[in-house]
Amino acid sequence: NAEIGYSMSLHKPSLGWYSSSDETVIRQHIRWAKESGIDGFIVSYFNNKWVKNIMDKLIQIAEEENFKITVYLEKEPLEEQIVYLLDKFGNSPAWYKKPNKDGILVPVFFVYSRISYYKDASYWDNLRNVIGQPIYLNLVLYYADGYERQFGATPASADGLHFYLEPYLHFDPTSSS
């Protein structure tokens, strides 16, 4: 990322070194995704001014490009972030929505595994009550971490589970080992 003065990549991007907040770059990435049959992004969300600025631009461009956006929530407190995002973007046609357990079309959020570790169903029920409006919660699991280690029990209040596979791992989900 050009804004922070270094790159973690060993390869120069097709667009050259760029800023994630550059509207031209955001639009080009969305267009490339659409050309490849991708209709939405899940983006990492950190509750800070820099990321909020990017989200404003990303949602605006996604609306213009008929593209969907949702987030990986990576830090707590979840309530504050979800309420902010719902207030700011919940009614946007660009925010990814799907039917919840009651069949109501609601905004989707992904909760990263480092937050969801060891939280039981009552935590997620309470979170929904505090937020006060229907949402679709996906709990993110790493294949390498294992379901039982992360939850200890079925996360009954989750609407879905999202498996995140590190690209360097070779995992066969049909294997019993």
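Predicted, not measured: the structure shown is a model, and the values here were computed from it.
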Heavy atoms, side chains only, cut-off 4.5 Å: are [X] and [Y] in contact?
X    : Y    : result
L127 : L137 : yes
F67  : F41  : yes
D56  : K88  : yes

- Evaluate the side chain to side chain contact (heavy atoms under 4.5 Å, CB included) criterion for residues N138 and T70: first the C-alpha distance (whole Å), next the side-chain angles of each, then the deciding distance (0.1 Å), finally the verdict. CA-CA 11 Å; N138 282 288; T70 190; over 6 Å; no
- Task: Taking only Lys NZ, Arg NE, NH1 and NH2, and the carboxylate oxygens of Asp or Glu, determine whether D22 and K57 approach each other closer than 4.0 Å.
- Result: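 Result for this pair is no, no salt bridge flagged.
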Return the [atom1] to [atom2] distance between [X] and [Y], rounded to the nearest 0.5 Å.
X    : Y   : atom1 : atom2 : value
I69  : Q60 : CD1   : CD    : 12.5 Å
I54  : S19 : CD1   : OG    : 6.0 Å
I104 : K98 : CD1   : NZ    : 15.0 Å

Which heavy atom of [X] sits nearest a heavy atom of [Y], and at what distance?
X   : Y   : answer
G90 : K97 : O-CE, 3.0 Å
Y18 : P13 : CE2-CB, 3.8 Å
S14 : W32 : CB-CH2, 4.1 Å

Taking [atom1] in [X] as the centre, count heavy atoms belonging to other residues, nucleotides or ligands within less than 6.0 Å. Is the count above 12?
X    : atom1 : value
D87  : CG    : yes
K75  : NZ    : no
N126 : CG    : yes

- Item | Partner set under side chain to side chain donor-acceptor pair (under 3.5 Å) for E74, not counting sequence neighbours |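 Counting only residues at least two positions away or on another chain, E74 forms a side chain to side chain donor-acceptor pair (under 3.5 Å) with S44, R114.
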- Message: If the condition is side chain to side chain donor-acceptor pair (under 3.5 Å), which residues does K52 pass it with, not counting sequence neighbours?
- Response: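 Side chain to side chain donor-acceptor pair (under 3.5 Å) list for K52, sorted by chain: N47.
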- Do the side chain of S92 and the main chain of A94 share a donor and acceptor less than 3.5 angstrom apart?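 Checking the backbone N and O of A94 against the side chain of S92, a donor-acceptor pair under 3.5 Å is found.
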- Task: Check each of I82, V51, L58, V43 against V71 using the side chain to side chain contact (heavy atoms under 4.5 Å, CB included) test, and report the only one that passes.
- Result: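 Of the listed residues I82, V51, L58, V43, the side chain to side chain contact (heavy atoms under 4.5 Å, CB included) partner of V71 is V43.
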Using residues 23-30 as the side-chain source, report each donor-acceptor pair under 3.5 Å to any protein atom, sequence neighbours left out, with the distance given to one decimal.
from	atom 1	to	atom 2	distance (Å)
R27	NH1	E64	OE1	3.1
R27	NH1	E65	OE2	2.8
R27	NH2	E64	OE1	2.6

Hydrophobic clustering (ILVMFWY, side-chain heavy atoms < 4.5 Å, transitive) - are [Y] and [X] grouped together?
X    : Y    : value
Y123 : V111 : yes
L105 : F110 : no
W50  : F46  : yes

- Identify the residue among Y84, F89, Y72, W95 that makes a ring pair (Phe, Tyr, Trp, His ring centres under 6.0 Å) with F109.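 Single pass found, and it is W95.
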